[in-house]
Amino acid sequence: MPVRAEDVALLDALTPEAERLMEKHLANSKEWFPHEYVPWSQGRDFEPGEEWVPDDEKIPPSVRSALVVNLLTEDNLPYYFRDIERMFGRDGVWGAWVKRWTAEEGRHSIVIRDYLTVTRAVDPVALERDRMAQVATGVVPEPPTAAEGMAYVALQELATRIAHFNTGKLLKDQWGYKVMKRVMTDENFHFLFYRDLVSAALEVDPSALVIAIEAQVRDFEMPGTGIPGFSEHAKAIAKAGIYDMQIHHEQILVPVVLRDWAVESLEGLTPEAEQAREALLSRIERIGRIAAKAAERLARQTDLVSA
Ligand SMILES: [Fe+2]
Ligand SMILES: [Fe+2]
């Protein structure tokens, strides 16, 4: 499928950088095997009388929410593949990246599902029903241009890396921690590819990119919104400190948008892009303020409860 005509010039200008980043990615990412991360000896058959029961669940509900959301998000890979291939096309380094990235992402759902099934950490029937519901509806964010797509996936890969790692830290067993840490390492390499691609795109067309970044920060949503009960899960995940507005501000928007992409110091912007930059900076500032207030409120509630 050809890429959008409006995106051809940007993608052509970025091709040498994409080739460099692809080489760097292949050199840095090491081969690994999902089956080596799963405690198979803890497993047993789910035959009649041995079905999953709520007592099998040894983890707090918030961590279970995070595991379910993290896994179901990985399960929606066919739609991300569709959109990223549409954005980059099938040719040359772009097509090679999309395929390699898809192959790597496929391992994430394999390893997380095997781990959850063997340890009985979540109800496998509910999990499969939620997977069917999600994948059969195929709701995913669909950035309209290559510039917006790059900005979105950079932010999203980093958000996913953070969510996976914070989930792993809350799991009491070493196996679960290792699974999530391994997946997190992959997400980090994906993030670096897209982050550096956006940095290069900012040099090619700073005005288009700042407008794209502003649009994606404004409407940022994690890719799991099609998961049944997503907003309840998201609340539990925020409450457990796995992913919330403060993390989004301090660990994504400030380090990536302000520091790495240095949007404040971009020069030669068109009037429209200047406006977008102003809106972007004040939005980031506002998100920081709201997040800090929410964190203070939560700390006060916790103090009251423990007093
Ligand atoms: Fe992933
Ligand atoms: Fe990823």
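As the structure lists them, so they are numbered: ligands from 1, and atoms in each ligand from 1.
Trp32 has its ring centre less than 6.0 Å from the ring centre of Tyr37. Aromatic ring centres of Trp97 and Phe193: separated by under 6.0 Å.
For the pair Glu23 and Arg20, the salt-bridge criterion is not met [side-chain N within less than 4.0 Å of a carboxylate O].
Under 2.8 Å from the Fe ion (ligand 1) lies no N/O/S atom of Glu104, from backbone or side chain alike. For the Fe ion (ligand 1), the set of nearby N, O or S atoms under 2.8 Å includes one belonging to Glu187. Within the 2.8 Å limit, His164 places no N, O or S atom next to the Fe ion (ligand 1).
The nearest N/O/S atom of His190 to the Fe ion (ligand 2) is ND1. Taking the N/O/S atoms of Glu157 in turn, the shortest distance to the Fe ion (ligand 2) belongs to OE1. The atom of His108 that is an N, O or S and sits closest to the Fe ion (ligand 1) is ND1.
With the Fe ion (ligand 1) at the apex, Glu74 OE2 and Glu105 OE1 define an angle of roughly 140° (rounded to 10 degrees).
Using cut-offs of 30° and 60° on the angle between ring planes, the pair Phe220 and Tyr152 is tilted.
Side-chain contact between Val135 and Tyr79 is present, with heavy atoms from C-beta onward closer than 4.5 Å.
Side-chain contact annotation: Asn70 with Thr167, donor-acceptor N/O pair under 3.5 Å present.
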